[in-house]
Amino acid sequence: MARRFVLQPRAPAPPAALQIDYAEALDPQQHAAATAPGGATLIVAGAGTGKTRTLTYRVAYLVETGVKPEQIALLTFTRRAAREMIERAGALLDGRCERVRGGTFHAFCLETLRVHAEAIGYPRRFGVLDAADAADVVDLARTRMGLHTLPTRFPKKRTLLAMFSAATNRGIALDDVLTEDYPQYAGHLDLLLDLQRAYAETKRQTGVVDYDDLLALTLRLLTESDDARRAVAGRCRHVLVDEYQDVNALQADLVEQLQSAHGNLTAVGDDAQSIYGFRGADVGHILDFGKRYNGARVLKLEHNYRSTQPILDFANHVLAGAREKYDKRLFTDREGGDRPALVQAPDDDWESRFVAQVVLDKREGGVALDRQAVLFRSGWCSYALEAELTWRGVPFVKYGGLKLAEAAHVKDVVAHLRVAENPADAVAWNRVLRLVEGVGPQTAARLLDWISTATGGAADAGGPQTGGAAVHALRSADDIVPSPAVARNVARLVEALTPLRDGSPPRPGGDALAPEAQVERVLAYYRPVFERVYADDWPQREADLDAVAALAAQHRSRTALLESLALDPLDWSQEAAEGALKDEAPLVLSTIHSAKGLEFDTVFLLHALDGVLPSQYAVRDQDGEDEERRLLYVALTRAETELYCSYPLAQYRRGTGQFLTEPSRFLSGVPEALLEPWSLVEDAAPPEAADAPALPESPPPALPGRGG
DNA sequence: TTTCTACCCATTTTT
DNA sequence: TGGGTAGAAA
C-alpha cells in the first residue's frame with residue numbers, strides 16, 4: 001500500500017462560541033463520540049444507546065466547529081435514515097446542516113459517477129437497473145449467448161443475478177461463490193463465467209448499470225483515477241458511516257477511499273445488529289476496523305435509554321443464544337414495566353384483530369398511532385392485518401415488502417420513459433415492444449436488432465439524435481412486422497414516443513416536456529394496452545398509474561424521476577397514505593429490516609413462527625440461523641415500553657399444503673420470568689355489539705397443547 | 001408466430 | 001399466489 005500523508009484538520013475555532021451545550025445534551029460516552037477529534041473513530045453502539053442522536057450531534061458539532069457542510073459525507077443504508085439525521089441536525093443547529101451530503105451508498109455513488117464516470121471510460125448518461133430489470137438483462141445476455149435452450153438444472157435468472165451480485169459485493173471470484181453457496185451448479189462454472197462476462201458486456205452496450213455496478217464502478221474510479229479521487233475524496237473532509245456492521249467488502253473499500261484525503265472517518269455500528277449477510281455484509285469489517293485504520297479510536301455506547309428492563313432482559317436472552325457471543329451487555333435506567341407478552345392466536349385473523357384492538361386501546365390511552373409499530377419478517381405477514389386496519393379505518397403506512405416500482409404495470413409505464421431516456425436500453429425496448437399487440441418474442445427481437453443497427457448500437461453516443469434514430473427506425477420497420485395491422489400498432493407506439501424525444505430541448509440535457517407531462521403522454525397511449533394486457537384485474541391496478549403520475553410531478557426531470565424509481569422506490573401504502581387525509585400520523589407497519597434504527601413506544605411482532613422467523617430458507621446453516629436471531633433482536637429492541645410477540649397457531653404455506661404450527665424456536669422455552677404467555681378468548685357479546693375479541697386482563701388458561 | 005390454457009413449482013429480507 | 005413453461009389453438 002502506498003504511503004499516505006494524512007492531513008489533520010485545522011484547529012477548530014475556540015469552543016466558547018458553540019451554540020449547543022454538548023456536554024449537557026449528551027451523556028459522557030455520547031459526548032466523547034460526538035465531539036471526537038479528527039482521525040478514524042469507531043463508535044460501537046448497542047441498540048437504543050442513542051446512536052442516531054450521537055451521530056446527529058456529531059454532524060451539528062462538525063458544522064459548528066467550522067467544517068463546511070458540503071464537505072461532510074453521511075453514508076447510510078436507507079434514504080430515510082439519512083434524511084432523518086440531517087433534518088434533526090438542522091433542527092438542532094440551523095439550516096447549514098441541510099447542505100450536508102447525505103444519502104445511501106448507492107445514491108452517493110450514482111451522484112459521483114454522473115460527474116466522473118468518463119474518467120474510467122463510462123458515459124455519464126446511463127440508466128440504473130433495479131433487481132428485476134437486472135435479472136431481465138441477465139436473461140437477455142443468456143439468450144444472446146444461445147443459452148436459452150439448455151440442459152435442465154440451470155439456474156434461473158434471479159439466481160444467476162444473485163450469484164454475480166454475491167461475487168461483486170463480497171469481492172470474491174464466482175468460483176468461490178459457487179463452491180460456498182451453490183455447489184449444485186459448480187459443474188456449470190465455465191458457462192456461468194461466460195454468462196457473467198456477457199451480462200457485463202450487455203449492460204455496457206445498452207448503457208445501464210445495476211446496483212452493484214454503482215458501488216464497483218465508483219470504487220474503480222477512486223482507485224484508478226487520481227484526479228477523480230482528489231476531486232471526490234478531497235471534498236470529504238469528514239466521512240460519517242451509519243450501520244457500519246452492515247457494510248460489504250465493496251462498501252468498506254469505498255469508505256476507505258473516501259476518507260483517504262483527510263483521514264477523518266466516523267463509523268457507527270453494532271455487531272449484534274448485523275442483518276444483511278444475505279447482501280454480502282460481513283461483520284468482519286466492523287470487528288477489524290482497528291486493523292484497517294491503524295490507531296483508530298474505539299468508543300462504546302452502552303447506556304440504553306430506550307427500553308424498559310424487562311424488554312432488555314428478554315432481548316439479551318434471545319441474543320445470548322447466538323453461537324457467536326457478543327461481548328456487550330446493555331444497561332438501562334428504565335426500571336419497571338411489563339414483561340413482554342407472548343400471544344398465541346388461533347389463526348392470523350385473530351392475531352390481526354388482537355393487534356388492531358390493542359393499537360386502538362393504546363391510542364385511547366394516549367399513545368399516538370405513529371408511536372406504535374407492527375413488525376414482521378416478510379412483507380406478506382401483514383396482509384391480514386392490513387385488511388383489518390382498512391376495515392376499521394385505522395390509517396397506516398407500510399415499509400418494506402413489495403415496492404410500487406416492482407409491479408408489472410408500473411414497470412410497463414417506466415419502460416416507455418426509459419427508452420426515451422436511453423434508446424440503447426434493450427431491456428426497456430423489449431418490454432415496450434412486447435406490449436404492442438401482435439408483437440411476440442420473435443418480432444420484438446427483430447425490431448430490437450433493427451433499432452440497435454439504426455442507433456449504431458452504442459449507448460455512448462447518447463443524445464436526442466440517437467433517440468430520434470431509434471424511433472425513426474421503428475417508423476420504417478414495416479418489412480419486419482408480420483402484418484399491416486401490427487405495423488399500425490407499432491406506428492401508434494412511435495407516435496406516442498415521438499413527443500418524449502422530439503422538439504429540441506430548451507436547454508442541454510433538459511427535457512422537452514415536464515416529467516408529469518411525459519407520463520401523461522405515455523399513459524394516454526398505454527391505457528388501452530393496459531386494459532387489454534391486465535384484462536382480469538386492471539381496475540385494481542389503475543391507482544398505481546396515477547401514483548406514478550403524481551410521483552413524476554415531484555421531480556425536476558425525467559432522469560431524476562427514473563433514478564428515484566430505481567433507488568428509492570415507493571412502498572405500496574405510502575402512496576395510499578399520501579392520498580388519505582393527513583389528520584393523524586399513521587400506524588407504522590414494517591419489515592424488521594426496514595425498521596432498523598427506528599424506535600417506538602409499543603411494538604408488535606407478528607407471525608413469530610418457526611419457518612417465518614427464523615425463515616425456513618435461512619436456517620440451512622448456523623450463520624443463517626444466527627442472522628435470523630439477530631433479526632429478532634433488532635425487532636425486540638425497537639420497543640420502548642411495551643412489546644407483544646404473537647403467532648397464529650396454524651399458518652398455511654401456500655403451494656406446499658404445509659402448515660407451520662410451531663412458535664419461533666427463539667421464543668419457545670423462554671422462562672416465564674422473561675416472557676408472559678397470553679391466549680386470546682372471544683368476548684361473550686355477539687359480534688355486532690363488540691366487533692372485536694376481548695382481551696384478558698391476566699393470562700387466561702392457555703389453549704390446549706401449547707403455551708404456559 | 002402469437003396467444004391462450006393448463007400445469008408445475010418454489011416461495012425472504014434491500015439498494 | 002403467481003411466474004414460468006409446454007403444448008395447443010388461432
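A, B, ... follow the sequence lines: proteins, then strands. Residue 1 opens every chain. Values reported hereafter were calculated over all heavy atoms of this structure, with side chains retained and with hydrogens, waters and symmetry mates removed.
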- For the side chain of A/R446, counting heavy atoms from C-beta on, which of B/dT1, B/dT14, B/dT3 is nearest? B/dT1
- Find the distance A/R80:CZ to B/dT15:C1' and express it as a whole number of Å. 14 Å
- Closest non-hydrogen atom pair between A/V268 and A/Q245, with its separation: O-OE1, 4.3 Å
- Item | Main-chain N/O of A/V318 paired with A/R629 side-chain donor or acceptor, under 3.5 Å | yes
- Item | Separation of atom CD in A/E406 from atom C1' in B/dT12, rounded to whole Å | 13 Å
- Find the distance A/E627:CD to B/dT14:P and express it as a whole number of Å. 13 Å
- Query: Between A/Y276 and B/dT14, do the rings stack, that is, sit under 5.5 Å apart with planes less than 30° off each other?
  - Reply: no
- Checking B/dT12, B/dT2, B/dT13 against the side chain of A/T591 (C-beta onward), the nearest is B/dT13
- Query: Rounded to whole angstroms, how far apart are OH on A/Y399 and C1' on B/dT12?
  - Reply: 21 Å
- Does the side chain of A/K156 get closer than 4.0 angstrom to OP1 or OP2 of B/dA10 through an N or O atom? no
- Task: Nearest whole angstrom, please: distance from the P of B/dT13 to the CG of A/L613.
- Result: 13 Å
- Task: Begin with the C-alpha distance, continue with both residues' side-chain angles, and end with the deciding distance and a verdict on side chain to side chain donor-acceptor pair (under 3.5 Å) for A/D412 and A/Y534.
- Result: CA-CA 12 Å; A/D412 290 345; A/Y534 305 98; 2.8 Å; yes
- Message: Within the 4.0 Å heavy-atom criterion, would you say A/V612 contacts the bases, only the backbone, or no part of the nucleic acid?
- Response: nothing
- Rounded to the Å, how far apart are A/L75 CG and B/dT14 P? 20 Å
- Between B/dT12 (P) and A/L631 (CG): distance, integer Å: 15 Å
- Query: Which word best sums up how the rings of A/F530 and A/H409 line up, parallel for under 30°, tilted for 30 to 60°, or perpendicular for over 60°?
  - Reply: tilted
- Message: Return whichever of A/E437 or A/F278 has its heavy-atom-nearest nucleotide of DNA chain B closer to the 5' end.
- Response: A/E437
- So which nucleotide from B/dT12, B/dT15, C/dG4 ends up closest to the side chain of A/S378? B/dT12
- Item | Separation between CD of A/Q251 and CZ of A/R279, rounded to the nearest 0.5 Å | 6.0 Å
- Between A/R377 and A/F77, which is nearer to the 5' end of DNA chain B once each is assigned its nearest nucleotide? A/R377
- Message: Heavy atoms only, 4.0 Å cut-off, all strands: where does A/K596 land among base, sugar-phosphate and nothing?
- Response: nothing
- Query: Can you find a side chain N or O atom of A/T78 that sits less than 4.0 Å from OP1 or OP2 on B/dT15?
  - Reply: no
- Item | Candidate nucleotides B/dT2, B/dT15, B/dT12, ranked by approach to the side chain of A/K403 - the nearest | B/dT15
- Note on the structure: From CD of A/Q442 across to C1' of B/dT3 the rounded distance in Å is 14 Å
